[in-house]
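Scroll down for the structure; my scribbles are underneath it.
Note that these values count all heavy atoms, side chains included, but never hydrogens, waters or copies made by symmetry. Every number for a ligand or one of its atoms is a count from 1 in the order of the listing. FYI, the numbering just counts along the sequence from 1.
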Amino acid sequence: MLPGLSAVVQTGLAPYACDPLQTRGRRLQEPLATTRTDFQRDRDRIVHSTAFRRLVYKTQVFLNHEGDLFRTRLTHSLEVAQLGRSIARSLRLSEDLVEAIALAHDLGHTPFGHAGQDALNECMADYGGFEHNLQSLRVVDRLEERYPQFDGLNLTFETREGILKHCSAHNARLLEAAEHGYADGQGGVGQRFLQHRRPSLEAQLCNLADEIAYNAHDIDDGIRSGLITLEQLQVVPLFNQYCEQALAAHAHLRQPAQARRLMYESIRLMLSEQVFDVIAATRCAIEYAQVQSIAEVRQCAPLVLFSAEMRQRSAQLKQFLFAQLYRHPNVVQTMAQAKQVVRELFVLYCDAPQEMQAGFALRSQQAQASTWDAGPALQRSVADYIAGMTDRFASREHHRLTGQRLLPVAF
Ligand code: MG
């Protein structure tokens, strides 16, 4: 081990954790850093990337201009990292890897949240489709242009694996055809989807931390927006239980003026209980499966999980949020306009690629997109360009090119 490194390596990692000293490495080999492990270095590269800074102006549920205090993709990613790290520490998993994956997990999101992704996927239906998860990997593998020697951030296998949560068999085969550089011959990040194997526990943990984070913060944002109320949430057992608990411990929270404090206390209790639940259920699952290594983790069913009861309660909360918030007429209407912006931008840039920034315009002229770029270069580079936009840049571009103002632009 390099002398400076021993001071920063996390000690006491479980045998089934991802050890940065045992990483499968980067596609392009680089000398080790002297004061950071490879996973810390991945995290730092992500934090310094352009795509990461753009997350602050990308929608989670509410559009950026609708209010200053709603979550954005950036604050969401930070919350996922916080939850992930604290669970990782209890389970003796690699905190640095969890943080790197959490901070990168939404880098491929389009402007305007899921509406943007759905619209772009429809536009790309005949050209290989668009999927935000695959796009996150594409951002860190290809689209970031910062380093003289390579495209992308040249992250370790373990971080890249964690970023690619889902992948169709078709895309996994495309990916594998382009994966090279892993000297151990075990294939790349597409391989597990073809062999039906699981990713690392750190990657599994980020998935669950993502879900815990958005369920909780969407309650907060939903109430803040006035689209859902605390009273409505009484029908959701998971929330109601902690609301009752908060009231029992702090009677003054019954006063109408304390409603916001009551909501925060209920969410805080709910988050804590979910964290404790994941830790306990995962410990049980690991013990039962008797895994002793990452290789064994990959062969098992998912091991980072909620207890059956918490899983059911969390699903009820999710159903509530779908019905009452994500499908609320106000949200649906804004999202319909956002979809129109994305669809029209797509057609406009395909007709006039020179309207895009120079690098994308240039790439759109290539005969065929290379390696795992599905579809022709023109449509793929237009999709890359649109996907990278912030909400307000997309709105401004739409206004510049059409003269119409579908969405108010915040400055
Ligand atoms: Mg997320």
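Judged purely by atom type and a 3.5 angstrom limit, Ser136 uses its side chain to pair as donor or acceptor with the backbone of His132.
Residue His109: no N/O/S atom is found under 2.8 Å from the Mg ion (ligand 1).
Take the N/O/S atoms of Asp106: the one nearest the Mg ion (ligand 1) is OD2. Shortest distance from the Mg ion (ligand 1) to Asp210 is reached at OD1 (N/O/S atoms only).
We find that Asp210 and Lys165 are joined by a salt bridge, their nearest charged nitrogen and carboxylate oxygen being less than 4.0 Å apart. Using a 4.0 Å cut-off between a side-chain N of Lys or Arg and a carboxylate O of Asp or Glu, Arg160 and Asp42 do not qualify as a salt bridge.
Exactly one residue among Gln292, Arg298, Gln299 makes a side-chain contact (heavy atoms from CB on, under 4.5 Å) with Glu296. That residue is Gln292.
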